[in-house]
Visitor: 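I'd like to ask you about the structure that follows.
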Number of protein chains: 2
Amino acid sequence: MSITINDVAQLASVSKATVSAVLNNRPGISRSTRQRVLEICARLNYRPSRVARSLSVRETRSIGLVIKEIDNPFFSKVMKGVFDACTSRGYTVLLGSSELSPANEQRSISTLIQQRVDGLIVSPLQGEGVDFTYLYDLRRENYPLVTLGAIAHIPTNVVDIDNVEAAYTAVMHLAERHHRIACFNGPASSAHTQDRFEGYRRALEEKGLPLHHEDVVPAGSYVENGYDAGKALFSAPGPHPTAVFCYNDLVAFGLINALDELGLRTPDDVAVCGFDGVAHCDLARVPLTTVQVPAYEIGRTAALLLIRQIGDKESFLNERILLEARLVPRQSTYS
Amino acid sequence: MSITINDVAQLASVSKATVSAVLNNRPGISRSTRQRVLEICARLNYRPSRVARSLSVRETRSIGLVIKEIDNPFFSKVMKGVFDACTSRGYTVLLGSSELSPANEQRSISTLIQQRVDGLIVSPLQGEGVDFTYLYDLRRENYPLVTLGAIAHIPTNVVDIDNVEAAYTAVMHLAERHHRIACFNGPASSAHTQDRFEGYRRALEEKGLPLHHEDVVPAGSYVENGYDAGKALFSAPGPHPTAVFCYNDLVAFGLINALDELGLRTPDDVAVCGFDGVAHCDLARVPLTTVQVPAYEIGRTAALLLIRQIGDKESFLNERILLEARLVPRQSTYS
DNA sequence: CGACATAATTGAACCGGTTACATAAACAAT
DNA sequence: ATTGTTTATGTAACCGGTTCAATTATGTCG
């Protein structure tokens, strides 16, 4: 099938060992032999098999990235951060995605481990029905692992922002002008959902505002979810909230759309705050106030941390890196 | 280090061959042996090494996906299509991206081949300084390859839309009301840029409209590019175009922003048409008229085609699948 | 010129699976 | 009891690299 090291060795009339030495720039090869071998490699267009090498040296120079949603601009940026850091250091990225399903997450991780990736970056799901004993096992085996967000009871290397704090800040911002603030939560299976809700709760508490049960709605993470939740909440009878803190920007966009259709104006009738700071928040019909999360840096940092840990398995077993998120007020909360 | 088939064999007091047979559901294993082996696998939490298997059977059950921009919602959807099709068929996706640099493209492909992916999906660059002899070589070796967009002089399996036709339709739409239409081109290194421009040219020609040289500007593929190009074109002295056909939606968004800052209104002063139909075109400040490209289906179709070709290398050597794109008129071209 | 150090090269085992073939065991038929 | 047939399991080679001890070639020096 394809050219192997044996073909090269034979044509150069040297042993495989010599070819291997040449290709790995090991010393102790004569100038002439090196030249001849390289020439033949070029002529044959020889590409050493990484799978054979991986088997032998027990490292694949690849890492697995398991995100939650491929089709989410936030994760696109994370991916890019991971990708850039990895490729510049000779690592290949194998892609996994849970698409919010715990079963998929587990399957992805399992597959990647069978592929013998040198380490994993996981944006973990959490909540009901999420079994992370397998992540726990990885930890115990000292498998290089970085999670984007902490996992309850499992110490890992974490790269994230302080979601509670960021949500708190955002809601405090809304509370400057509003006294009834709703919360559109994200997927129940995401730890971020819980943290952001906690920030919301604290802000209300601090301001002495009541937490209306019916104002806390499980929305989701996509535009449609925000739209549906918005339609439901604001077409219900009775007085409505005058501001909504959304799990992410997409939900916020959907909400604004729903409000518009209901004849409610943003921000005059209802102020809306998003989260993530995906590109184009500033291009939206109503420029969106949001919490700018450094997604690219999260990805990049996670990759660097992971690679460091791959290199020295004993170090940084339990690092927790929190990057800065900042509130970017725009028109959707100011009239 | 990690558990191997030998460990399992030893504990079950059988040979590796037997363990292998059990794990691959090969017939001719006694009920009791099978059970015992499986039990021990479970107990040891044994995960067969795909790298060893790959070396042996000469297939990795993985494919490489090389896109042009990770951080571009269009490619996010393509990726998702590829990912879904692949994972449901047991293939892993290795990620590559040229980020519009031919050198990167080549490096990505080269790396993926060394990883011995079973096939490649490439969204190829094209134009000046793009050397695709290596893609040509792949073709000759009958390496499974699907490209998203044709490559000049190289017959491959192609999945794409008819860019010329789609651009033509879009520009004809603009030409219903406008007589001077600019074109914001994409990256010079993209074949799509050339095709879309060709559609633009044909539409003008058919309508008998003049093609002003200064109205054809190399913009790029990101929001900033559209913004910059817009600022430049519309702040120049003299009469301006009253419509712009943009390479993609992001450029269109940037342009609308620029126009806004220059005090020009969309669509009243300048009509704008995008391309791709990324999510949120309908959420933009000015809902964007665009050509809706079935990105997810492109990815999915490409993956299916590739996998089919991997299974039967002789078939479909030269398939050319064009999916439907359709114009979605919105406010940015209608007042 | 022989002894010895040094440089260059090779042989063989190994990584962890798969697989063709050989062998052993179980059982039926004669 | 012998042979044949079927079923279950084991042996060993192989995939394409890496690695290290052993070997051979080359060079230095007394």
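Values below: all heavy atoms of this structure, side chains included; hydrogens, waters and symmetry mates excluded. Below, chain A is the first sequence line, B the second, and so on; all start at residue 1. All values reported here derive from a predicted model rather than from experimental measurement.
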Visitor: How close or far is atom P of D/dC20 from atom CD1 of A/Ile29, stated in whole angstroms?
Guide: 15 Å
Visitor: Measure the distance from CZ on A/Arg58 to C1' on C/dG16 and round it to the nearest whole Å.
Guide: 10 Å
Visitor: What is the minimum heavy-atom distance between B/Arg47 and A/Ser110, and which atoms define it?
Guide: NH1-OG, 3.0 Å
Visitor: Report the residues that fulfil side-chain hydrogen bond (donor to acceptor under 3.5 Å, both in side chains) with A/Ser32, sequence neighbours left out, ordered by chain and then residue number.
Guide: A/Ser30
Visitor: In this structure, how many angstroms lie between the C1' atom of C/dA12 and the CG atom of A/Asn6, rounded?
Guide: 13 Å
Visitor: On a heavy-atom basis, which atom in A/Ile307 and which in A/Arg89 lie closest, and how many Å separate them?
Guide: CD1-CD, 3.9 Å
Visitor: Can you tell me the distance, in whole Å, between the CD1 atom of A/Ile5 and the C1' atom of C/dC14?
Guide: 15 Å
Visitor: Kindly give the heavy-atom pair with the smallest separation between B/Arg50 and B/Gly90, and that separation in Å.
Guide: NH2-O, 4.3 Å
Visitor: Do A/Thr4 and D/dG16 have a side chain to base donor-acceptor pair shorter than 3.5 Å?
Guide: no
Visitor: Using the test salt bridge (Lys or Arg N to Asp or Glu O under 4.0 Å), find all partners of A/Glu99 that sit at least two apart in sequence or belong to another chain.
Guide: B/Lys80
Visitor: Just to be sure I understand the geometry, which residues of residues 32-49 of chain A put a non-hydrogen atom under 4.0 Å away from DNA chain C?
Guide: A/Thr33
Visitor: Using whole Å, report how far CG of B/Leu55 lies from P of D/dG16.
Guide: 7 Å
Visitor: Donor-acceptor pairs are to be reported for all side-chain atoms of residues 100-107 of chain B against protein atoms at under 3.5 Å, with residues two or more places apart or in another chain.
Guide:
| residue | atom | partner | partner atom | Å |
| --- | --- | --- | --- | --- |
| B/Ser101 | OG | B/Ala103 | N | 3.3 |
| B/Ser101 | OG | B/Asn104 | N | 3.0 |
| B/Asn104 | OD1 | B/Arg107 | NH2 | 3.1 |
| B/Asn104 | ND2 | B/Ser98 | O | 3.2 |
| B/Glu105 | OE1 | B/Leu125 | N | 2.8 |
| B/Glu105 | OE2 | B/Tyr134 | OH | 2.8 |

Visitor: Output all residues satisfying salt bridge (Lys or Arg N to Asp or Glu O under 4.0 Å) with A/Glu141, sequence neighbours left out; order by chain, then residue number.
Guide: none
Visitor: Quick one: is A/Arg53 getting a side-chain N or O under 4.0 Å of the D/dT18 phosphate, OP1 or OP2?
Guide: yes
Visitor: Which heavy atom in B/Phe83 sits nearest to a heavy atom in A/Ser97, and how many Å separate them?
Guide: CZ-N, 3.3 Å
Visitor: Please name all residues satisfying salt bridge (Lys or Arg N to Asp or Glu O under 4.0 Å) with B/Arg43, sequence neighbours left out, ordered by chain then number.
Guide: none
Visitor: For A/Leu306, which residues count as a side-chain contact (heavy atoms from CB on, under 4.5 Å) partner, sequence neighbours excluded?
Guide: A/Ile63, A/Ile121, A/Pro144, A/Val146, A/Ile310
Visitor: Of all of residues 7-23 of chain A, which get a heavy atom below 4.0 angstrom from DNA chain D, listed by number?
Guide: A/Lys16, A/Ala17, A/Ser20
Visitor: Locate the shortest heavy-atom distance separating A/Asp160 from A/Gly149; write the atom from each residue and the value.
Guide: OD2-CA, 3.2 Å
Visitor: Below 4.0 angstrom from OP1 or OP2 of C/dT19, is there any side-chain N or O of B/Arg26?
Guide: yes
Visitor: For A/Gln114 and C/dT18, give me the distance from atom CD to atom P, rounded to whole Å.
Guide: 11 Å
Visitor: Expressed as a whole number of angstroms, how long is the span from A/Arg50:CZ to D/dT18:C1'?
Guide: 14 Å
Visitor: With sequence neighbours excluded, what pairs up with A/Lys16 under the salt bridge (Lys or Arg N to Asp or Glu O under 4.0 Å) test?
Guide: none
Visitor: Does C/dT9 have OP1 or OP2 under 4.0 Å away from a side-chain N or O of A/Ser30?
Guide: yes
Visitor: Do any side-chain nitrogens or oxygens of A/Asn24 fall under 4.0 Å of OP1 or OP2 in D/dT18?
Guide: yes
Visitor: Considering non-hydrogen atoms only, spot the tightest contact between A/Ile29 and A/Ala21 and give its length.
Guide: CD1-CB, 3.7 Å
Visitor: Return the set of residues passing side-chain contact (heavy atoms from CB on, under 4.5 Å) with A/Arg140 (not counting sequence neighbours), or none when no residue passes.
Guide: A/Tyr136, A/Asp137
Visitor: If you restrict it to nitrogen or oxygen atoms, what contacts under 3.5 Å exist between nucleotides 24-28 of chain D and the protein, and what is each distance?
Guide:
none

Visitor: Hey, what bend do you get for the helix from C/dC1-D/dG30 to C/dT30-D/dA1 if you fit axes on five pairs at each end, rounded to 10°?
Guide: 60°
